[in-house]
Amino acid sequence: MQRRTFIRHTTMASAALAVSSPYVFNKPDFPVVRIPEADRKFRSTAVEKIIAEVKKKAGNKEIAWLFENCFPNTLDTTVEYKVKDGRPDTFVITGDIHAMWLRDSTAQVWPYMSLMKEDAALQQLIAGVISRQSACINIDPYANAFNDGPTGSEWEKDHTAMKPELHERKWEIDSLCYPVRLSYHYWKITGDVSPFDAGWRQAMQAVVKTFREQQRKTDRGPYTFGRTTSWSTDTVPGNGYGNPVKPVGLIVSIFRPSDDATIYPFLVPSNFFAVASLKQLAEMAKVIMKDDAFAAECKAFATEVEQALLKYAVTERQGFGRVYAYEVDGFGNQLCMDDSNVPSLLALPYFSGVKASDPVYRNTRRLILSSSNPYFFSGKAGEGIGSPHTLVDNIWPIGIIIRALTSTDDAEIRHCLTMLQSTHAGTGFMHESFNKDDASKFTRKWFAWANTIFGELILKLYREKPHLLNQ
């Protein structure tokens, strides 16, 4: 299966340099690894300008080199921009998989949002992502990934209501949250409402309708899924409906953002994401759509889910106190772990209204960054959270990056930078995951989300804590 294929890569580093960290730097010769300019999909003057600034001012030249390679990777290699029916239209592939995930496409362009006002072409590109996402949701709000047209896919024989426009039809709450997040912040940054046409409004109505269906208050809803596979996490128990839940106001997510099936279908981080999205949608409905009734519905829905989270998603763990569970079912069963894919528990302050200072979050953070999380791994190459998606002993750079993005501790952020700098295996790019003892064993050589979010971290540090880029 393509997303699980492990790639062995021999490092091009010329020497090993001992440092105070327990991990080992590769000291590369900083070769040119960015795709040639003539082959790049899209050029942003604002992106090129900030790359030049960071290269000039960052004292850590390897970090600056990684930023130069990673930050523009989405624009260089994954976007197809055009004008369709007089409106911008942008299709964004993930990298080595030629399909557009609603989650990934948002995450891939997210780090460029702060640069839109300096670059009109970049703003149009992101407006095109919003338009394409709206069209995708209107094709099927239960799908997570789409083709660039009705081409069919390798998963067209899945046991669900597939359409030729769909690459994959795994129901994940965050697939509908990410487009809301992108729309909301695009509007807040630019003031432009042109992407929010009748198609967008229809898509936003579909978001709320789908969330309501998956509260499962009266029935199990219209969605089922099955796949003929030997991977247990790639298909669904319960005759395609997932394991049973007790309707308590939370929203069922049959799959995690890793595209792995949930065990207890109330996925807590994704429900937190839904709360944030519904609040954002309430504001957009009132101001942009001029629909007070829909705004009130979204606001009340957000409150309902938020209260259910406080009642059912918090548990006691010996040695940690009150923490957030990763998954629950409303019957009292809870799964305590975390997965690097965002939304995650670690990332709660990054995408939701949960503050980094929240006592329950702080306890949860201590738990999931310890051996009490079954998917926290530590070895010779690094330490961090992985995912059942890549099995055991594999650490995700995205998890390390999120740890840094949600930290206020310079020492912790520096620790994360050290690991990121020492585990790219001489490639100059981030990967999906790497082996905890040998970073030259990694998955997904071309994974644009990991690259671009690394760029997001470095840009944030350049603006807020530039001293950390000099060490």
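- When atom types are taken as modelled, the side chain of R220 and the backbone of Y241 share no donor-acceptor pair closer than 3.5 angstrom.
- Checked against the 6.0 Å centroid criterion, the rings of F273 and Y178 qualify as a close aromatic pair.
- Residue-environment remark: CZ (R362) stays at or below the threshold of 12 foreign heavy atoms within 6.0 Å.
- Distance alone, capped at 3.5 Å, is enough to place a donor-acceptor pair between the T303 side chain and the K299 backbone.
- Each of T423, N435, T427 was compared with F442 under the side-chain contact (heavy atoms from CB on, under 4.5 Å) criterion, and only T427 meets it.
- K41 meets the salt bridge (Lys or Arg N to Asp or Glu O under 4.0 Å) test with E80; sequence neighbours excluded.
- Of the charged side-chain nitrogens involved, none lies within less than 4.0 Å of a carboxylate oxygen, so that E283 and K279 do not count as a salt-bridged pair.
- Minimum interatomic distance between N363 and F320 (heavy atoms only, all atoms of both residues): CG-O, 3.0 Å.
- One finds a salt bridge joining D96 and R444 here, because a Lys/Arg side-chain nitrogen approaches an Asp/Glu carboxylate oxygen to under 4.0 Å.
- Side chains of S105 and R132: a donor-acceptor N/O pair is absent below 3.5 angstrom, by distance only.
- In this structure, the separation between CZ on R403 and CG on L457 is 12.5 Å, given to the nearest 0.5 Å.
- Of the inter-residue distances, the one linking W446 atom CH2 with N73 atom CG reads 8.0 Å to the nearest 0.5 angstrom.
- Of all heavy-atom pairs between C70 and F454, the closest is CB-CD2, 3.8 Å.
- Note that the CG atom of L125 and the CG atom of D89 stand 10.5 Å from one another [nearest 0.5 Å].
- Checked for salt-bridge contact, R181 and D174 miss the test: no charged N lies under 4.0 Å from a carboxylate O.
- In K157, the NZ atom is not crowded: 12 or fewer heavy atoms of neighbouring residues, nucleotides or ligands sit closer than 6.0 Å.
- In plain terms, the two heavy atoms of N243 and P237 that are nearest each other are OD1-CG, 3.7 Å.
- Comment: R87 engages D197 in a salt bridge, judged by a side-chain N to carboxylate O separation of less than 4.0 angstrom.
- Between Y324 and the choices D338, D358, T364, the side chain to side chain donor-acceptor pair (under 3.5 Å) rule is met once, by D358.
- By the 6.0 Å contact criterion, CZ on R322 is open, its count of non-hydrogen atoms from other residues, nucleotides or ligands being 12 or less.
- Between Y312 and G330, the shortest heavy-atom distance links the atoms CE2-O, 4.1 Å.
- For the pair N373 and M337, the minimum side-chain heavy-atom distance is below 4.5 Å.
- Between F71 and Y112, the ring center distance clears the sub-6.0 Å criterion.
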T452 vs T74, side chain to side chain donor-acceptor pair (under 3.5 Å): CA-CA, chis, key distance, verdict: CA-CA 7 Å; T452 315; T74 286; 2.7 Å; yes
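- To the nearest 0.5 Å, atom CZ of residue F272 and atom CG of residue L250 are 9.5 Å apart.
- Looking only at distances, no side-chain donor or acceptor of S433 sits under 3.5 Å from a matching main-chain atom of I395.
- Atom-to-atom distance recorded for D437:CG and N394:CG is 10.0 Å, nearest 0.5 angstrom.
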Side-chain donor-acceptor pairs under 3.5 Å in residues 343-355, sequence neighbours left out?
from	atom 1	to	atom 2	distance (Å)
S344	OG	A347	N	3.1
Y350	OH	E456	OE1	2.9
Y350	OH	E456	OE2	3.1
S352	OG	L348	O	2.7
S352	OG	V354	N	3.2

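- For the residue pair S340 and S387, no side-chain donor N or O sits within less than 3.5 Å of a side-chain acceptor on the partner.
- Checking Q214 against R216 by side-chain atom types alone, a donor-acceptor pair falls below 3.5 Å.
- In this structure, N144 contributes its side chain and S175 its backbone to no donor-acceptor pair below 3.5 Å.
- In D39, the CG atom is crowded: over 12 heavy atoms of neighbouring residues, nucleotides or ligands sit closer than 6.0 Å.
- The pair D140-R169 meets the salt-bridge criterion, since a charged nitrogen lies less than 4.0 angstrom from a carboxylate oxygen.
- Side chain of Q108 to main chain of I93: a donor-acceptor pair is present (N/O by atom type, distance under 3.5 Å, no hydrogens or angles).
- Residues A127 and P88 come closest through the heavy atom pair CB-CG, 4.0 Å.
- Side-chain contact between F255 and V236: present, with at least one pair of heavy atoms (C-beta onward) separated by less than 4.5 Å.
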Carefully, step by step, assess E168 and K170 under the rule salt bridge (Lys or Arg N to Asp or Glu O under 4.0 Å). CA-CA 6 Å; E168 194 172 47; K170 289 182 172 179; 3.5 Å; yes
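- Side chain of S253 to backbone of I173: a donor-acceptor contact under 3.5 angstrom is found.
- The line from CD1 of I398 to CG of N451 is 9.0 Å long, rounded to the nearest 0.5 Å.
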